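In what follows, a single structure is set out as structure tokens and then discussed.
The structure displayed is predicted, hence computed values, not measured ones.
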Amino acid sequence: MRTLFSLILVLGLLVTLNARAENASLQVGEPVLETPTLSCLGAYWIVHGDDNRNAHVEFHYKKKDGTDWKRGPDLFRVDRLPEDHFKDDKGKPILKTVVVPRDAWMFAGSIFLLEPNTAYELKLNLIDPDGGNTEKLLSASTIGEPVEAKDAPQFHVVPGSGGGTGTASDPFKGLDAAQKAAKPGDVFLLHAGTYGPEFNLSKSGEEGKPIVWRGAGDGDALIDGGVAKDKLNGSHTVVDFGGKHDIWFEKLSIRGGHNLMKGHGASRIVIRRCHIFDGITGFFAMSDETKKFGSFFVSDNVFEGVMPWPTTHEQWKSLPESRGVWIGGSGNVVCFNRFAHWKDGMDTADCPCCNSDDFHNNDVSECFDDGTELDGSERNTRCFLNRYTNVYQGISFQPIYGGPAYAFRNVLYNCQVEPFKLHNGPSGSVMIHNTIVRQGAPTLCQTPETEYNAFSRNNLYLGTEGRALHYDCPNVDSDYDYDGFGGMSGDVFMKWNNVKYATLDDVRKSCPVEKHCVVVDPKTAFASGIQAPTDNKVVFDIKVNDLRLKEGSAAIDAGETLTGFNDDFKGKAPDLGAYEFGTELPHYGPRAETK
């Protein structure tokens, strides 16, 4: 009997050891740094094992010359989805830049709000109770805002049709004449007048030696496609730099074409302090045959489209695809711009490479579809510190191919339908510290398709009627909690995974999500006294649309502490929504130019 008992103990120990071996983590290669941006650094790491999903990866950072390590957000566990889960319109599987083995996991994530042009040390700690703990050290630097060389040669350009040497007294006459003489590192100053109707770039610069096309500052240098607003069609492009690299456009006005700026396959392009208007698409760059796509820097511009606001349902169906910015690739930064009267304000492109792109500090209004689309993102796309007013839908994640794709500290006022569009089976949507004020239900999602592996924390949703949270989509492995809701009505507080919960107490007792959600009174939520809109004709006013919290609001101290996202909270706990109580508003839209 003693021998049998000993044999059972040994067998049990072997089973336990085998289970621990299967659950232990084993790295596959080294962690990989994503393309750096102005204020974010991202990484991913592929790990075998961990079948019981109890491992995590801590992400630490410090300045290269610093001594104190800070902890950023843990890397996000990217879900395992069937290989054929995401397909294009023709039923073919979507190509991804990183293929994860079926028996492995990807962990991916970002550190936010870093200093530009700064070197950092990064530390990733893979921690698994079942074994396989590993630490890796990496080095990375954020980028700085593009600055030209002080000794860059400058040439003058005026409207015309040929000739000139580029001096102030003998300027190049027309863009073609200037381009024939262009060399990497040259700066061309376009003096007041009208150029066009097309500018097809035939030359690239070099890394560190861009070719710069800049308004001279003596008036409006306008590149005019010559197409009236009521005659726009899908065939005319005003400025085309497809396949080119290291080209800058600054202080120019560009108008009068369906596509105002086009850059398929382009890289290291700067568009800064330009006025881009009277077109169907402001700047788009989607396809990539160069395999070096992206690193676009788009800042401090005004993009004004021609789309009506508000629109009727019949108009909505007939209006063309229209975006202020619509770009794919990696390492893109779209910041401090003003967008108005497009279908969508800012979009990623659903192309094979779409990761490590940032959209921040933009002011977006009057979009008859989405304020921003992160559609087609693979991982580490980031939409943060933006303000949206008068948009049909807020931020779209339809779909995300694993994520994480972040919506962080954005404000949406008068979002007519879904604050977050979670259609087409997205996986990896991350929604943290956003403020939404709208007419109707505080938040909703109207789709029968499943949402996978989403994460929601510390958002504030205020409406005028209906359920606090009304999600028609099924959810798998999603984690929603610590959000605030206000302005509800009716006999159902929340609907989740096709189950209705009548009261807040029912949610806390029985619902698998939002066990720590709170109710916030919309009438006393904001110090400005602003209320939810009563119709869709809200006037955009940067002074009126102030959604900072009022002292005493239930949204204060009601959030969850999230390392790397709200470490600087002021009270007992983080506040809900985009703004911590007592803080200044971020800067939205173009910044004042400094000498």
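Proximity of a side-chain donor or acceptor of His587 to a complementary backbone N or O of Pro590 within less than 3.5 Å is detected. Under the 3.5 Å distance criterion, the side-chain polar atoms of Asp357 are matched with a main-chain donor or acceptor of Gly331. Ser356 contributes a side-chain N or O that, together with a main-chain N or O of Thr35, makes up a donor-acceptor pair within less than 3.5 Å. A donor-acceptor pair under 3.5 Å is absent between the side-chain atoms of Glu451 and the main chain of Asn475, judged by distance alone. For Arg438 (side chain) and Cys415 (main-chain N/O), a donor-acceptor pair under 3.5 Å exists by modelled atom type. Not one N or O on the side chain of Ser299 forms a donor-acceptor pair closer than 3.5 Å with the backbone of Phe336. Without hydrogens or angle criteria, Asn410 side chain to Cys383 main chain gives a donor-acceptor distance under 3.5 Å. Looking only at distances, no side-chain donor or acceptor of Asn301 sits under 3.5 Å from a matching main-chain atom of Asn337. Checking side-chain atoms of Glu580 against main-chain N and O of Lys570 turns up a donor-acceptor pair under 3.5 Å. Side chain of Asp358 to backbone of Val333: no donor-acceptor contact under 3.5 angstrom is found.
Looking at Ile271 and Met261, their side chains come closer than 4.5 Å, going by heavy atoms from C-beta outward. Residues Leu460 and Asn434 fail the side-chain proximity criterion, which asks for heavy atoms closer than 4.5 Å. At a threshold of 4.5 Å between non-hydrogen side-chain atoms, the residues Val513 and Asp479 do not count as touching. Side-chain atoms of Arg379 and Tyr44, non-hydrogen and from C-beta on, do get closer than 4.5 Å to each other. A heavy-atom distance below 4.5 Å is not found between the side chains of Leu41 and Leu33. Looking at heavy atoms from C-beta onward, Phe284 lies out of side-chain contact with Val325 at the 4.5 angstrom threshold. In this structure, Tyr401 and Ser377 have side chains that are not in contact, with every pair of non-hydrogen atoms separated by 4.5 Å or more. Within the 4.5 Å cutoff, no side-chain heavy atoms of Asp575 are placed close to those of Asn566.
Contact check on Asp370 versus Lys421 returns a salt bridge, with a Lys/Arg side-chain nitrogen under 4.0 Å from an Asp/Glu carboxylate oxygen. Contact check on Asp344 versus Arg323 returns a salt bridge, with a Lys/Arg side-chain nitrogen under 4.0 Å from an Asp/Glu carboxylate oxygen. Salt bridge absent: Glu304 and Arg338 never bring a charged side-chain N and a carboxylate O closer than 4.0 Å. With salt bridges taken as basic N to acidic carboxylate O contacts below 4.0 Å, one links Arg548 and Asp546. Look at Arg457 and Glu560 and you find a salt bridge, because one of the NZ, NE, NH1 or NH2 atoms lies within 4.0 Å of a carboxylate O, short of that distance. A salt bridge is absent between Asp567 and Lys70; no separation between the charged side-chain nitrogens and carboxylate oxygens falls under 4.0 Å. Salt-bridge annotation for Asp74 and Arg77: absent, with no side-chain N of the basic residue lying under 4.0 Å from a carboxylate O of the acidic one. Using a cut-off of 4.0 Å between Lys/Arg side-chain N and Asp/Glu carboxylate O, Glu593 and Arg591 are scored as not salt-bridged. Salt-bridge annotation for Glu514 and Arg508: absent, with no side-chain N of the basic residue lying under 4.0 Å from a carboxylate O of the acidic one. A salt bridge is absent between Arg273 and Glu250: the closest approach of a Lys/Arg side-chain nitrogen to an acidic carboxylate oxygen does not fall below 4.0 angstrom.
Note: Phe293 and Phe296 have perpendicular aromatic rings, judged against thresholds of 30 and 60 degrees for the angle between ring planes.
If you take OG1 on Thr142 and CD1 on Ile111, they are separated by 11.0 Å, rounding to the nearest 0.5 Å. If you take CG on Asp375 and OG1 on Thr348, they are separated by 5.5 Å, rounding to the nearest 0.5 Å. For the atom pair CH2 (Trp69) and OH (Tyr61), the distance works out to 11.5 Å, reported to the nearest 0.5 Å. How far CG of Asn453 is from CG of Asp79: 4.5 Å, rounded to the nearest 0.5 Å. Atoms OG1 and NZ, from Thr281 and Lys343 in turn, are 10.5 Å apart once rounded to the nearest 0.5 Å. Note that CG of Asn545 and CZ of Arg387 are 7.0 Å apart. Values are rounded to the nearest 0.5 Å.
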So Ser365 and Asn390, side-chain hydrogen bond (donor to acceptor under 3.5 Å, both in side chains) or not? Walk me through it.
CA-CA 5 Å; Ser365 68; Asn390 294 337; 5.9 Å; no

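Under the ring pair (Phe, Tyr, Trp, His ring centres under 6.0 Å) rule, Tyr480 has a single partner from Tyr461, Phe485, Trp496, which is Trp496. Exactly one of Ile436, Asn459, Ile395, Val437 qualifies for a side-chain contact (heavy atoms from CB on, under 4.5 Å) with Pro419. That residue is Ile436.
Taking both residues in full, the closest heavy atoms of Asp350 and Pro399 are given as OD2-CD, 4.5 Å, listed atom of the first, atom of the second, then distance. Pro36 and Ile143 get closest at one heavy-atom pair: O-CG2, 3.9 Å. When all heavy atoms of Val391 and Gly371 are compared, the pair lying nearest together is CG1-CA, 3.9 Å. The two residues Ala285 and His264 have their closest heavy-atom pair at CA-ND1, 3.6 Å.
Partners of Glu449 under the side-chain contact (heavy atoms from CB on, under 4.5 Å) rule, at least two apart in sequence or in another chain, are Asn424, Thr447.
Within a 6.0 Å radius of NZ in Lys550, no more than 12 heavy atoms belonging to other residues, nucleotides or ligands are found. More than 12 heavy atoms of other residues, nucleotides or ligands sit less than 6.0 Å from atom NZ of Lys515. More than 12 non-hydrogen atoms from other residues, nucleotides or ligands lie less than 6.0 angstrom from NZ of Lys62. Heavy-atom neighbours of Phe368 CZ from other residues, nucleotides or ligands within 6.0 Å: above the threshold of 12.
For His360 and Asn386, the side-chain atoms include no donor-acceptor pair closer than 3.5 Å. For Gln446 and Asp472, the side-chain atoms include no donor-acceptor pair closer than 3.5 Å. A side-chain donor from one of Tyr388 and Thr372 sits under 3.5 Å from a side-chain acceptor of the other.
For residues 544-586, the set of pairs meeting the ring pair (Phe, Tyr, Trp, His ring centres under 6.0 Å) definition, not counting sequence neighbours, comprises Phe112-Phe565, Phe408-Phe565.
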